[in-house]
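Remember, it's a predicted structure, so these values are computed and weren't measured experimentally. In what follows, chains are A, B, ... by sequence order, proteins preceding strands, each numbered from 1.
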Amino acid sequence: MSAVDFTSSKAPDSAPSNFIRQEIDADIAAGKLPQGAVITRFPPEPNGYLHIGHAKSICLNFGIARDYPNARCHLRFDDTNPSRERAHFMERIKEDVRWLGFDWGDRLRHASDYFDDLYGYAKRLIESGHAYVCSLSQEEIRSSRGTLTEAGRDSPWRDRPPEQSLDLFRRMCAGEFEEGAHVLRAKIDMASPNINLRDPVIYRIMHAPHPLTGRKWSVYPMYDFAQALSDAIERVTHSLCTLEFEDHRPLYDWFLRTLEIPSPPRQIEFSRLNLTHSVMSKRLLTHLVEQGHVSGWTDPRMPTIAGMRRRGFPPEALRDFCARIGMTKKDNIVELELLENCVREACEPIAPRAMAVLRPLRLVIENFPPDRREDLVAPNHPNDPSLGTRELPFTREVFIERDDFMEDPPAKFHRFAPGKEVRLRYAWLVTCTDVVRDPKTGEVVEIRGIHDPDSRGGNSPDGRKVRGTVHWVSARFGVPARVRLYDRLFHEAAPSPDPQALGGQINPASLEEIDDCILEPSLARVPPGALFQFERSGYFVADSEDHAPDSPVFNRTVSLRDTWGRKRGR
RNA sequence: UGGGGUGUAGCCAAGCGGUAAGGCACGGGACUUUGACUCCCGCAUCCCAGGUUCGAUUCCUGGCACCCCAGCCA
């Protein structure tokens, strides 16, 4: 059976307009882009895996690069803090961006590529009297910063002569001092109502080897400084980031203005994505991984791109989702149902159909010869003949879904019940005649029935209506499998962000593993990553880590919409 | 209590002074060899109060609510 290829997918979708694109249009119309082309960048910190919030930013930045003439988007690793960043994450991040369908071409960058330039800019700041080496302790800096309502106090080192600061800064770089002994600060305004402008630290001593620059540096630049100047160096025109950086913009602009950067980039902020029944901060996700609440960053319940890929989400579903949630400055929490809808829509046309029984109940067709086998032909997609057909072996004993039988059914239950006739999909019409019970518990362990021999293929010979159609797998030819049913990670729509409370908020039903499922034989030996619709159940993907042809493991990507179940649930 | 933001349906979100797009969710119906898919139908006067205007969700004034900021994190 053919499998869906998940390793590559272009991103041809064009994104809807939004306020950022409108700003860019206005800048272009006003002739503000010196090179005439828009340049954006996606600047992840390599300290964890990318999540769907990053996908929003990726689609924004790379989408603009795709849609504007001659525009480009740089993939720039913001690797300014070697104490918490790892090269491993860089590789995974690149995979995720590629899988999402975007291509940075030869525009792979690192903030660390600019450490020499950044060092030069810092020296210029010192020379021009706009920065100084401060020798206060971390605690002293904190206490002299003031509060939200009180101004801070000037550092006693604030008026240190530039020559002295220059000398100290050089020696900081040379590794002469302990961490925390000195720090380089911008000289702005300790009384600013914007705390970010109260002489922010721009370089700190850190004796940590960097994944790319090794032991060359003993000082590393802080975010605001590195970000503004990396953007400037790359001639980024529009630096798009999330809302929490809005009050950093005056500082961003201060660096560019003070260093007299021509045609400075413009920072525009948008709101981050929140999803119901999930958490999106890297801090909390890291906590889930490190505390073992999930199996890792690629756990299919994680809102990480890698987790969603393993869950079976097609990349186009994520792109579609990002297009549909829009782009604004409003705090938001998007319902998980929207994502699920995008996933279903993306899977529906591409997923070959198959039959799999998750909780088997044996059905013996008493008037079907014991050693007979019939091969029935079934389409792989009811609405798309181009996906071809497959053969289903039928035998006297088949498994049906336990839920598809009820001894005492409610009205409009179009499934098996004593005396009821139901269609076995693509096979025969079967009437349930009897049940077999466990003599001890009384539980129904098998049902019996007779088929209408003239209904081969499932068509009633006399035109009688048979409402119910049920999926099945031959007991003799079915393939046992392990199936993992995934559901929302958190019960609450908005889980408490307290890390200590996180584990207790996990939905116990977020993962249910079933070991004795029975798959139709065509599902044996499919490759990891292959996506199917198990009819009447959901979309399932062969797990990329644990699936093997001899011991199949499938993950439920998302269930089918279930109007009947929903109605009954209420 | 300082600064920066945001307020259009249950959730997203268009709207840019001319009389409330769209999607998801929800409810109803059609079709159906997946109670799937698909298709129809229904579903808001725009945080509040004043003002300007022939006309305001859009402009002005004043409130209210919520979010972010006091890392040598990003």
Remember a base hit wins even if backbone is also touched, and classify [X] as base, sugar-phosphate or nothing at under 4.0 Å, heavy atoms.
X        : result
A:Lys282 : nothing
A:Arg425 : base
A:Ser137 : base
A:Phe534 : nothing
A:Pro382 : base
A:Arg142 : sugar-phosphate
A:Thr563 : sugar-phosphate
A:Thr80  : sugar-phosphate
A:Asp224 : nothing
A:Arg344 : nothing
A:Ile325 : sugar-phosphate

### Query
Of the candidate nucleotides B:G3, B:C24, B:A13, which contains the atom at the shortest distance from the side chain of A:Arg324?
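Ranking B:G3, B:C24, B:A13 by closest atom to the A:Arg324 side chain puts B:C24 first.
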#### Entry: A:Arg464/A:Asp452 ion pair, N-O < 4.0 Å
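The answer is yes: the pair qualifies as a salt bridge.
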### Task
State whether A:Arg204 places a side-chain N or O below 4.0 Å from either non-bridging phosphate oxygen (OP1 or OP2) of B:G71.
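Result: no.
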### Task
Quick one: look up who B:C59 pairs with, Watson-Crick or G-U, both distances under 3.5 Å, and put none if it's unpaired.
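Per the H-bond distance test, B:G51.
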### Task
For B:C64 versus B:G50, give the span between their C1' atoms, rounded off to a whole number of Å.
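Per the computed distance, 14 Å lies between those C1' atoms.
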### Task
Take atom P in B:G5 and the same atom in B:A20, then report the distance between them in whole Å.
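Nearest-Å result for B:G5 against B:A20 at atom P: 32 Å.
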Got a donor-acceptor pair under 3.5 Å from the side chain of [X] to the base of [N]?
X        : N     : result
A:Glu150 : B:G2  : no
A:Glu45  : B:C73 : no
A:Asp247 : B:G3  : yes

### Task
Answer yes or no: is there a side-chain heavy-atom contact under 4.5 Å between A:Trp472 and A:Glu401?
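A:Trp472 vs A:Glu401: side chains apart.
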### Query
Are A:Leu212 and A:Asp79 side-chain neighbours, meaning at least one heavy-atom pair lies under 4.5 Å?
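Heavy-atom side-chain distance check passes, below 4.5 Å.
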